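Just so it is clear, the model here is predicted, and its values are computed rather than measured. Along the sequence shown, the residues carry numbers beginning at 1. Atoms within a ligand are numbered from 1 in the order they appear, just like the ligands themselves.
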Amino acid sequence: MTQTEDRIPLSTEDTPLVPLEKIVSLCKRRGFVYPNSEIYGGVSGIYDFGPLGVELRNNIRRYWWWSMVQTNDNVVGIEGNIITHPRVWEASGHVDSFVDRLVDCKNCKRRFRVDHLPAENLKQNKCPVCGGELTEPRTFNLMMETYIGVVEGERMKTYLRGEACQNIYLDYDNVLKSSRMQIPFGICQIGKAFRNEVTPGNFLFRQREFEQWDLQFFVHPSEMQKWFDYWKARRFEWYKGIINHTDRLHFREHGPDELAHYAKQAFDIEYRSILGWQEWEGIHWRQDWDLSRHSQFSGQDLSYTDPETKERYIPWIVETSGGVDRTFLFLLLDAYEEEPPSDKDKEGRTVLRLHPWFAPVKVAVLPLQKNKEELVTTAKDIHNHLKRLMVSQYDDVANIGRRYRRQDEIGTPFCVTVDFKTLEDQTVTVRERDGMTQIRLHINELPAYLLERVRWDYN
Ligand code: GAP
């Protein structure tokens with residue numbers, strides 16, 4: 001995947017890390033993210049997405065789907081439901097093992113996950129913030145409970161799914177029988193997951209309701225290493241291709257005591273932001289854990305018979321598991337920049353240097369003046385044509401400089417200005433967000449010019 005020629009690679013070394021508050025504030029002010037149930041005081045770790053947020057999320061989801069499902073002949077997609085049979089979560093190990101251990105500071109009352117405490121503090125039983133004494137660790141299960149049925153006594157307790165990928169194992173056999181897939185092949189899904197996180201926080205980073213994307217790739221055991229290495233490398237390149245600051249990405253291997261109960265080996269793709277190095281996606285060596293456990297708990301044989309050799313075996317699984325929400329957050333942290341005044345912009349500006357693929361609004365159409373009817377009519381005609389092809393905004397409020405800055409702040413890659421010359425020769429000014437360069441194009445050339453730059457399947 002190549003980037004469009006117009007994109008200017010950013011020098012990353014001197015760029016300061018963006019404070020999280022700036023992103024939280026921009027998100028609320030411009031309609032990306034709102035606190036959920038805000039009029040009732042909110043619920044920690046739960047957010048809603050506004051008009052621009054939903055566009056950005058849709059673009060993120062679509063791009064992942066396009067690159068993981070649509071362009072791979074050996075991968076198909078499913079959409080499983082949030083609620084499943086409760087036995088699923090016993091088989092998966094989540095009822096017994098999906099736990100966090102917590103300690104509280106007796107002095108400042110802060111709460112910490114034991115696995116997040118610095119080793120020294122753990123050893124000395126000392127709060128990392130105030131030095132106070134810590135309580136004994138307590139264990140909490142992260143699964144969110146719910147009930148199926150209405151009659152008391154007949155209701156069945158189950159769980160909102162704690163990881164979205166379980167549906168893939170449940171549907172694996174149906175996919176195999178209803179499609180022409182043969183091992184090695186993969187199943188993808190994007191869907192909500194729920195966790196009673198004991199320490200939600202850092203905005204979208206750790207929420208209680210969030211959206212995961214998973215590839216579960218089923219292989220013969222003898223080919224596990226090959227496919228693990230293959231997907232690990234591909235997913236790293238994928239993330240590199242969507243950010244500006246590529247030196248803020250690395251792998252971190254899980255130590256033996258932090259591996260999830262289902263993983264024999266795991267690498268996190270981590271991004272460096274003001275939150276430090278943090279997980280963006282996990283690449284997990286799940287081996288035969290999931291299909292073996294579901295075979296055992298359901299009594300259904302989930303083994304695979306090779307059509308040529310007739311060998312029967314439980315497939316092993318490579319998992320790549322990331323999320324829409326962390327991608328949303330890290331893309332904003334990566335793209336946000338405050339530029340001081342310059343020759344090109346005397347007042348300075350805030351700019352979201354999002355890849356044009358992800359920008360919530362692709363083009364803004366601006367008449368130079370709003371009190372000149374012909375300018376307004378022509379601009380509205382252009383907008384009405386473009387909005388059928390991509391997300392376009394019409395804006396005639398305030399002077400042109402302020403309107404450019406408003407679009408820069410939400411990451412709109414192109415602004416089209418309709419001026420008096422347009423009325424003479426049907427050309428418009430196309431201003432590009434990152435370099436603030438301007439070119440003149442005929443109105444008829446606009447759709448192809450813009451589409452080529454904002455649609456990933458054109459690259
Ligand atoms: N099926 C494997 C699994 O669930 P995980 O590392 O717990 O593995 C995978 O989660 C991805 O889901 C993470 O890399 C992250 O992108 C996202 N994720 C996990 N917990 C999250 C939370 N509380 N809030 C937002 N995203 C989360």
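- With a 4.0 Å heavy-atom cut-off, ligand 1 is reached by no atom of Arg208.
- A salt bridge links Arg252 with Glu258: the distance from a Lys NZ or Arg NE/NH1/NH2 to an Asp or Glu carboxylate oxygen falls below 4.0 Å.
- If you look at Cys165 next to ligand 1, the close heavy atoms, those under 4.0 Å, all belong to the side chain.
- Pairs engaging residues 178-196 under the side-chain hydrogen bond (donor to acceptor under 3.5 Å, both in side chains) rule: Lys192-Glu209 [sequence neighbours left out].
- A salt bridge links Glu145 with Lys157; the closest basic N to acidic carboxylate O contact falls under 4.0 Å.
- Residue contacts with ligand 1 for Phe330 are absent, since no atom lies close enough (heavy atoms, distance under 4.0 Å).
- For ligand 1, the polar-atom distance check finds no N/O of His284 at less than 3.5 Å from any of the ligand's N/O atoms.
- Using a 4.0 Å cut-off between charged side-chain N and carboxylate O, Asp301 and Arg312 make a salt bridge.
- Where the criterion is an N or O separation shorter than 3.5 Å, residue side chain and backbone included, Asp325 fails it with respect to ligand 1.
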Which is it for Arg30 and Glu409 under the salt bridge (Lys or Arg N to Asp or Glu O under 4.0 Å) test, yes or no, and what are the steps along the way?
-> CA-CA 9 Å; Arg30 300 307 310 271; Glu409 199 187 23; 3.0 Å; yes

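- Residue contacts with ligand 1 for Glu279 involve side-chain atoms from C-beta outward but no N, CA, C or O (heavy atoms, distance under 4.0 Å).
- With a 4.0 Å cut-off on non-hydrogen atoms, Arg286 touches ligand 1 through its side chain and not its backbone.
- Using a 4.0 Å cut-off between charged side-chain N and carboxylate O, Glu281 and Lys232 make no salt bridge.
- From the protein, the heavy atom lying nearest to atom 12 (O) of ligand 1 is Gln212 NE2, 3.2 Å.
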Kindly determine whether Trp66 and Thr71 satisfy side-chain hydrogen bond (donor to acceptor under 3.5 Å, both in side chains), including the steps that lead there.
-> CA-CA 6 Å; Trp66 179 81; Thr71 56; 6.0 Å; no

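- Residue, atom and distance of the protein heavy atom nearest to atom 7 (O) of ligand 1 are Arg195 NH1, 2.9 Å.
- The protein atom (non-hydrogen) at minimum distance from atom 9 (C) of ligand 1 is Ser321 OG, 3.2 Å.
- Of all protein heavy atoms, the one lying nearest to atom 25 (C) of ligand 1 is Phe205 O, 3.2 Å.
- Of all protein heavy atoms, the one closest to atom 1 (N) of ligand 1 is Glu163 OE1, 2.6 Å.
- Here is the list of ligand 1 atoms found below 4.0 Å of a heavy atom in Gly322: 11 (C), 12 (O), 16 (O).
- In this comparison of Phe210, Tyr262, Trp280, Phe194, the heavy atom closest to atom 27 (C) of ligand 1 sits on Phe210.
- Ion pairing between a basic and an acidic side chain is recognised when a charged N comes within 4.0 Å of a carboxylate O; Arg353 and Glu339 show such pairing.
- If you number the atoms of ligand 1 from 1 as listed, the ones under 4.0 Å from a heavy atom of Gly323 come out as 16 (O).
- Residue Glu319 has at least one heavy-atom neighbour below 4.0 Å for each of these atoms of ligand 1: 1 (N), 2 (C).
- The closest protein non-hydrogen atom to atom 24 (N) of ligand 1 is Gln207 N, 2.9 Å.
- Note that NZ of Lys264 and CG of Leu259 are 9.5 Å apart. Values are rounded to the nearest 0.5 Å.
- By the 4.0 Å N-to-carboxylate-O rule, Asp104 lies too far from Lys109 to be salt-bridged with it.
- Residue contact check: Arg206 has heavy atoms under 4.0 Å from atoms 22 (C), 23 (N), 24 (N) of ligand 1.
- Residue pairs meeting the ring pair (Phe, Tyr, Trp, His ring centres under 6.0 Å) criterion with at least one member in residues 97-139, sequence neighbours excluded, are His94-Phe98.
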